Amino acid sequence: MLRHDQRLADLAGGNNVSASTVRRWRDELISLLAAQAPRLDRALKKIAKRGGEVVLIDGTFIPTQRRTGKANRRNYSGKQHRHGMHFLALTDEHGRLVWISAARPGRTHDNTAARHDRILAHLRAAGLGALADLGFRGLDNDVLDPVIITGFAATRTRKLTPAQKDANRVLAVGRAPVEHAFAHLKNWRTLTKLRTNPTRATHLLRALLVLTNLEVNR
């Protein structure tokens, strides 16, 4: 059902049960799978224990159906020009998903979400660094011992030097696995446009993290 985004009514009719029964089975299964998703601190400690030095962090936008009411206005992303939910994800250096944040309104900025989840503090506690895109600039202002590396950004008055461009290219290569991880996650067609209640989106994404890792690692 999650892989092909099958409708509840179709599954119910094909199996001679009610749609409410199928919905209950789906929600129970998603809750069981989501409970197996690792916590942030445990995931980072596990990477450090096996000798890892860095993780890859990025945010992603999952479109949802547009809902009426003032409460849904914050789900509209001006960047994406549509309604949806924002998630943060961490992968190891090989691109294996290790953690997914709670769902937040689509207009949430990467830095805002990272601060809410205390990403920087968790990384320091685990003794790990992180590679991130420019959306995370300003999250780590420690010049002498930075934990989160974001590369360089050009401005209207200052262009990047050749050395800074080279550094950005190296960082982009190092971050490539996180894009592959998101590609694996979004192979689940149920994420094409979430029809579930946004309050259930966190459980759904964490359940899909568990299923994706089972599928990739088998």
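Not measured: the values here are computed from a predicted model.
- Residue Val210 is grouped with residue Leu2 when hydrophobic side chains (ILVMFWY) are merged at heavy-atom distances under 4.5 angstrom, including chains of intermediate members.
- Aromatic pair Tyr76/His83: centroids less than 6.0 angstrom apart.
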Counting only pairs under 3.5 Å, give me each side-chain donor-acceptor contact of residues 21-30, with atom names and distances, residues two or more places apart or in other chains.
| residue | atom | partner | partner atom | Å |
| --- | --- | --- | --- | --- |
| Thr21 | OG1 | Ser18 | OG | 2.8 |

- Can you list the steps and then say if Arg50 with Lys45 is a side chain to side chain contact (heavy atoms under 4.5 Å, CB included)? CA-CA 9 Å; Arg50 65 172 185 246; Lys45 288 178 181 178; over 6 Å; no
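- The CG atom of Leu97 sits 9.5 Å away from atom CG of Leu90, with the distance rounded to the nearest 0.5 Å.
- The pair Arg115-Asp110 fails the salt-bridge criterion, with no side-chain N (NZ, NE, NH1 or NH2) lying under 4.0 Å from an Asp/Glu carboxylate O.
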- Item | Pair Leu131-Ile148, side chain to side chain contact (heavy atoms under 4.5 Å, CB included): steps then yes or no | CA-CA 6 Å; Leu131 304 182; Ile148 299 177; over 6 Å; no
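- Checked against Ile119 for a side chain to side chain contact (heavy atoms under 4.5 Å, CB included), the options Ile57, Asp140, Asn111 give a single hit: Ile57.
- Considering CG of Asp5 and OG1 of Thr190, their distance stands at 4.5 Å, rounded to 0.5 Å.
- A donor-acceptor contact shorter than 3.5 Å is absent between the side chain of His4 and the backbone of Met1.
- Between Trp99 and Arg39, the shortest heavy-atom distance links the atoms CD1-C, 4.0 Å.
- Counted by atom type alone, His86 and Arg107 present zero donor-acceptor pairs between their side chains at under 3.5 Å.
- Leu160 and Ile149 are not part of a single hydrophobic cluster, where members link through side-chain heavy atoms under 4.5 Å apart.
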- Message: Assess the residue pair Ile47 and Val98 against the criterion (side chain to side chain contact (heavy atoms under 4.5 Å, CB included)); give the C-alpha distance rounded to whole Å, side-chain angles, the decisive distance to 0.1 Å, and a yes or no.
- Response: CA-CA 9 Å; Ile47 291 176; Val98 297; 4.0 Å; yes
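- The two residues Phe152 and Ala167 have their closest heavy-atom pair at CE1-CB, 3.8 Å.
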- Message: Let's go through Leu88 and Asp58 carefully: what are the C-alpha distance in whole Å and the side-chain angles of both, what is the deciding distance for side chain to side chain contact (heavy atoms under 4.5 Å, CB included) to 0.1 Å, and is it a yes or a no?
- Response: CA-CA 6 Å; Leu88 288 181; Asp58 204 355; over 6 Å; no
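- Closest non-hydrogen pair, Asp142 versus Leu144, comes out as OD1-N, 3.1 Å.
- Shortest non-hydrogen contact noted between Leu120 and Leu139 is CD2-O, 3.6 Å.
- More than 12 heavy atoms of other residues, nucleotides or ligands lie within 6.0 Å of CZ in Arg3, so this atom counts as buried by the packing criterion.
- Taking both residues in full, the closest heavy atoms of Ala103 and Met85 are given as CB-CE, 3.7 Å, listed atom of the first, atom of the second, then distance.
- Note: Asn75 CG to Leu194 CG = 11.0 Å, rounded to the nearest 0.5 Å.
- Salt bridge Arg175/Glu93: absent, no basic N to carboxylate O contact under 4.0 Å.
- The number of heavy atoms from other shown groups lying within 6.0 Å of CZ (Arg124) is above 12.
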Validation: residues 176-189 side-chain donor-acceptor distances under 3.5 Å, sequence neighbours left out:
| residue | atom | partner | partner atom | Å |
| --- | --- | --- | --- | --- |
| Lys186 | NZ | Thr60 | OG1 | 2.7 |
| Trp188 | NE1 | Thr212 | OG1 | 2.9 |

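- Rounding to the nearest 0.5 angstrom, the gap separating the CG atom in Asp166 from the OG1 atom in Thr161 is 8.5 Å.
- A donor-acceptor pair is defined here as one N or O able to donate and one able to accept, closer than 3.5 Å; such a pair exists between the side chain of Asn15 and the backbone of Leu11.
- Inspection of the His122 and Asp117 side chains reveals no N or O donor paired with an N or O acceptor under 3.5 Å.
- Both Ile62 and Leu211 sit in one connected hydrophobic cluster of ILVMFWY residues. Membership requires side-chain heavy atoms under 4.5 Å apart, directly or through other members.
- When the side chains of ILVMFWY residues are joined at heavy-atom separations under 4.5 Å, either directly or via intervening members, Leu40 and Val147 end up in a single hydrophobic cluster.
- If you chain together hydrophobic residues whose side chains sit under 4.5 Å apart, Val55 and Leu134 never meet in one group.
- Residue Leu204 holds its CG atom at 11.5 Å from CZ of Arg206, rounded to the nearest 0.5 Å.
- In this structure, Ile100 CD1 and Leu209 CG are separated by 4.5 Å, a value rounded to the nearest 0.5 Å.
- Of all heavy-atom pairs between Gly151 and Leu171, the closest is N-CD2, 3.4 Å.
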